[in-house]
Structures are given as C-alpha cells and as structure tokens.
Amino acid sequence: MPSLVRAGSRKVAVVGVALADCGRVEGVTPYALHAQAARRALADAGLGRDAVDGLASAGLGTLAPVEVAEYLGLRPRWVDSTSVGGAAWEVMAAHAADAVAAGRANAVLLVYGSTARADVRAGRRTGDLSFGARGPLQFEAPYGHTLIAKYAMAARRHMYAYGTTLEQLAAVAVQARANAAANPEALFRDPITVDDVLGGPVIADPFTRLHCCLRSDGGCAVLLAAEELVRDCAQPPVWVLGAGEHVSHSAMSAWEDFTVSPAAVSGRLAFERAGVRPAEVDLAQIYDAFTYMTLVTLEDLGFCAKGEGGAFVEQGRLLRDGDLPTNTDGGGLSGQHPGMRGLFLIVEAVRQLRGQAGRDRQVHRRDGTLPRLAVASGTGGWFCSSGTVILARD
C-alpha cells in the first residue's frame, strides 16, 4: 500500500457516509435533507455531533455554509463553501483532508441536500437552470448556449475528432441502468437498450433524453476524520490517498479543446499524490450528468487513451462485474441526481470499498476479494472544473 500522506502529517480517513431520502421526496426542505444525511453519517461513524469541528457545504443559503451549520447545531472552527458546480464536493474533500492532515480540524462533515425535483413540480423553479448573462456569459447566453447545449457541443466535437458514435455514448446509459437495477435507492431501475436511448426525444443534438441525467430530490453526507479518531469509529476506515483539483474555463470560447476535460489535470495530480496508477484502481465513480462526461473523464483519468473512450465503454467494462465497474449505484443517469451530485460519488466509493454495497451489487475483484482502490471524480459547470479523489481501504 502506498504512503497515505506526506511525512509529518496525519492520515485522514472517511469514517462515515450516508444518504438522505432520495428520489421522489415530498414535503421536506433542503435543510431537512441536510440534517437527515448528517445524522445518518454520524450514526454510521459511531460519533457524536460534538466530534465535528469542521463543515463543508455549498449550494444552500445566502451564507453557505453558515446557515447549514446553524441548522445542524454546529459551531465549526474550519469551514469551506467552495462552489464550482458538481465537482465542489471532491474539491472540498481535498481541502478538508488537507486541513485534517495539518491539524486545523479533527473531523469534517461534508453535507448536501436538494429538492430539485420537488421544486420544479411545485413551480418554485423551472426545469432549465439559468446561470444568468453577466460576465463572460453575456457573450454566449444570447445565442442559446444552455448548459445541456454546451455538453452536447463537446460530445459532437469528440465524435467528429475521434469517430465516437451515438451507440457508444448510449452504451454508457445502458450500463448505468444495469448497475442501478440492483440498487434499491436508485430512481430508475428498469432495463434499457441502446435502441431505447437512440429512439428517445432529442434534448440537445446529439443527446436524447436518456443521454441526460435524471432529476431527483435527495442528499448525502460524508465524515472525514483524523487517524487518531478512527479507533473510536464504528466502521472500518477508508483512507484518502490523494486528491487534485483544476478549473479550465468559463466561456466556451476560452476552452482550448472540447475533447479534454479538467479531469486530465485533477486526475493526474490525484494519482501522483496517491502514488498509484489508474491500472491499479478497482472501481470508478464519475460524474455523469451526460453520457459524454463519463466517456471523456475515463480518457482523461488515464483508463484509456484519448479518443479511445468509445471503444472502451461499449464492451460492458462499466458494469458491476466489468473490467472497471463505474457508477455502480446507477450514477446520475439512473440512480439519483438532485443537483450537485459529486458527494454521492464518494458515498458509493466508500460503501463499495467497505464491502457494504449489498449482496446483489457489491463489486469484487477477479480473485473474489473486495476492492481496495477507488477513484471519485466530479465535474462542475460545463466541464469548467474537476476534483478527483483516490480512496483506499486497509
């Protein structure tokens, strides 16, 4: 096992993970989902609220994470609210691990909750999230560059440059649904085929509906703690080996290559700092608001060469029993996606490494043993940001 942290600093482990109620959740607030997830994660760790001296939260309240801390009854001495879209949670996990390793905090709670689906149904927001038209966006918004359209443009460029096909992109959605089938917490579990994906209504060329993530309610929480607290916890530790973060662009016109995501940098940094190679990883949890995100992130993390993502995903490698089990909970395409989904990636990675994913969907290595290494890589905005975390069990 590689060295966990730099010499002279404390080792850091994930000691508690939990989901709040997810899927179709009515009659609750995002704050309540934060609290539910936090209570469950602390119970999972076997620690009390008084052990938490750090909090990371984004996406809720005027003064995030101050309002969330107050709602949870916490008075943290370390906080982070880095907001870079869906990648925020991997980025904040990296910041939290650094803080714990350096002694600035002992136990940091990362928590998220959203009623994205219920808000649309109740008319509290529309189905299309607007980022406004100020700053760099003023030069693109008038021309209809919605978030989905930006991802679609990038996918089309990859298809043009490397011959990636719609069938290969559809294979990502099919395998995500197959993984979701055994997950009782997944919103959509019925099998789908490549033809189902290709035959759906077009949302933004080349994406049909099943190329795009679902919209759900839900939340989750992750508790990171210093090594000296691990012996007091109820669960086996999952160690943070290394992490990386990177921001690429805001305006699409400033993105040098639509076929390269910021994970190309965050992933390289994470693997270098962890002292492991992609070939050693047993499973991957990758942000998948759209099928193309999974494909290009696999390339940029080093699981296949640039341009070979289409061939890589079409062979069933992403299935629970495939060569690289990916998004084993069904991901954002079929599992749950209440908005900024990055924290769900860490929860699922930890459950799999602990061997607690459930009999019907637990990943095993070829020799029948539990996985030892996992990568969680989040993407934010329209490929604007990325955070990658490497996790390992003892």
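All residue numbers in this chain count up from 1 along the given sequence.
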Partners of R351 by salt bridge (Lys or Arg N to Asp or Glu O under 4.0 Å), sequence neighbours excluded?
E185
Other hydrophobic cluster members with L269, side-chain heavy atoms of Ile/Leu/Val/Met/Phe/Trp/Tyr under 4.5 Å, chained?
V265
When Ile, Leu, Val, Met, Phe, Trp and Tyr are grouped by side-chain heavy atoms lying under 4.5 Å apart, directly or through other members, which residues fall in the same group as L319?
none
Tell me every residue that passes ring-ring contact (aromatic ring centres under 6.0 Å, His included) with Y31, counting only those two or more places apart in sequence or in another chain.
Y71
Would you please name every residue forming a ring-ring contact (aromatic ring centres under 6.0 Å, His included) with W255, sequence neighbours left out?
H249, F258, F383
Going by an N to O cut-off under 4.0 Å, is there a salt bridge joining R24 and D217?
no
Could I get the full list of salt bridge (Lys or Arg N to Asp or Glu O under 4.0 Å) partners for E314, not counting sequence neighbours?
none
Which residues pass the side-chain contact (heavy atoms from CB on, under 4.5 Å) test with A45, not counting sequence neighbours?
V15, L47, L223
I need the full list of ring-ring contact (aromatic ring centres under 6.0 Å, His included) pairs touching residues 202-232, with sequence neighbours left out, sorted by first then second residue.
F207-H211, F207-F290
Return the set of residues passing side-chain hydrogen bond (donor to acceptor under 3.5 Å, both in side chains) with N179 (not counting sequence neighbours), or none when no residue passes.
none
Non-neighbouring partners of D300 that pass salt bridge (Lys or Arg N to Asp or Glu O under 4.0 Å), sequence neighbours left out
K306
For E245, check salt bridge (Lys or Arg N to Asp or Glu O under 4.0 Å) against everything at least two apart and list the hits.
none
State which residues pass side-chain hydrogen bond (donor to acceptor under 3.5 Å, both in side chains) with S385; sequence neighbours excluded, sorted by chain then number.
none
